[in-house]
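Taking it in order: structure first as structure tokens, then the write-up.
Naming: A, B, ... by sequence-line order, numbering from 1 per chain. Basis for what follows: all heavy atoms, side chains included, without hydrogens, waters or symmetry-related copies. The structure displayed is predicted, hence computed values, not measured ones.
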Amino acid sequence: GAVVSQHPSWVICKSGTSVKIECRSLDFQATTMFWYRQFPKQSLMLMATSNEGSKATYEQGVEKDKFLINHASLTLSTLTVTSAHPEDSSFYICSAHRTGENTEAFFGQGTRLTVV
Amino acid sequence: DAKTTQPTSMDCAEGRAANLPCNHSTISGNEYVYWYRQIHSQGPQYIIHGLKNNETNEMASLIITEDRKSSTLILPHATLRDTAVYYCIVRVTGTASKLTFGTGTRLQVTL
């Protein structure tokens, strides 16, 4: 199956700093990628849809100025958590679909963010 | 996307078949049924999907009722490594549509 890689797998940062998470499709092109957040013992919640070459679409209640998304190529999308606070501590997961196909989504392994 | 209903948790003995049900009574004609699972602290993993016919792959079988209002994921010989949260999701056809995750079923496989 197709591979989606996230980096880093885990990160600890201080309050007020920014953290960038990368999501790469290693063996296929992905026009669209999705970013999810998952708090402990809860399900995945969609944050935003990342579209290559255009602005991301954010779900209601997700601050676009706090969670910056860049999708500059067909294989890379980045999520930057700006001015992180402890309440931003969570498990962040990306997914990607092969361009032009209505197939399954391929997920990254997730990034555990801890803000101290 | 249609809403799904799954039991909160299930247990299964290792080596036995695990049958995970899902209700999706409001599914539309152009919506597929997808199953994913999430092992602790990992990203979800695709298992199988179908429209109206039963499907089988190397991981599992998917049985969809004739009226498409419910389905069952079958893991024929569960192992300890199958312990995970299993999500049943229905989504419209079309390219790269988003997935809406419910609470899923926590499957515990025991010795």
Side-chain heavy atoms under 4.5 angstrom apart, residues restricted to Ile, Leu, Val, Met, Phe, Trp, Tyr: same cluster for [X] and [Y]?
X        : Y        : result
B:Trp35  : B:Leu107 : yes
A:Leu68  : A:Ile21  : no
A:Phe39  : A:Trp10  : no
B:Phe101 : B:Tyr32  : yes
B:Met10  : B:Val109 : yes

Neighbour count >12 (heavy atoms, 6.0 Å) for atom NZ, A:Lys55: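 Not buried by this count: 12 neighbours or fewer within 6.0 Å.
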
CE/A:Met45: more than 12 non-hydrogen atoms of other groups inside 6.0 Å: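 Open: at most 12 neighbouring heavy atoms sit under 6.0 Å from CE of A:Met45.
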
Backbone of A:Ala105 reached by a side-chain donor or acceptor of B:Tyr34 within 3.5 Å: no

Minimum heavy-atom distance B:Lys98-A:Tyr36, with the two atoms named: C-OH, 4.5 Å

Which atom of A:Ser43 lies closest to which atom of B:Tyr87, heavy atoms considered: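 That closest heavy-atom pairing would be OG-CE2, 3.4 Å.
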
Interchain contact, A:Gln6 with chain B, by part (heavy-atom threshold 4.5 Å): neither

Residues of residues 107-116 of chain A near chain B, each having a heavy atom less than 4.5 Å away: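 At a heavy-atom separation under 4.5 Å, chain B is reached by A:Phe107, A:Gly108, A:Gln109, A:Arg112.
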
Contacts with chain B made by residues 86-96 of chain A (heavy-atom distance under 4.5 Å), listed by residue number: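 Within residues 86-96 of chain A, near chain B: A:Phe91, A:Ile93.
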
Gap separating the OG1 atom of B:Thr100 from the CG atom of A:Leu44, nearest 0.5 angstrom: 11.0 Å

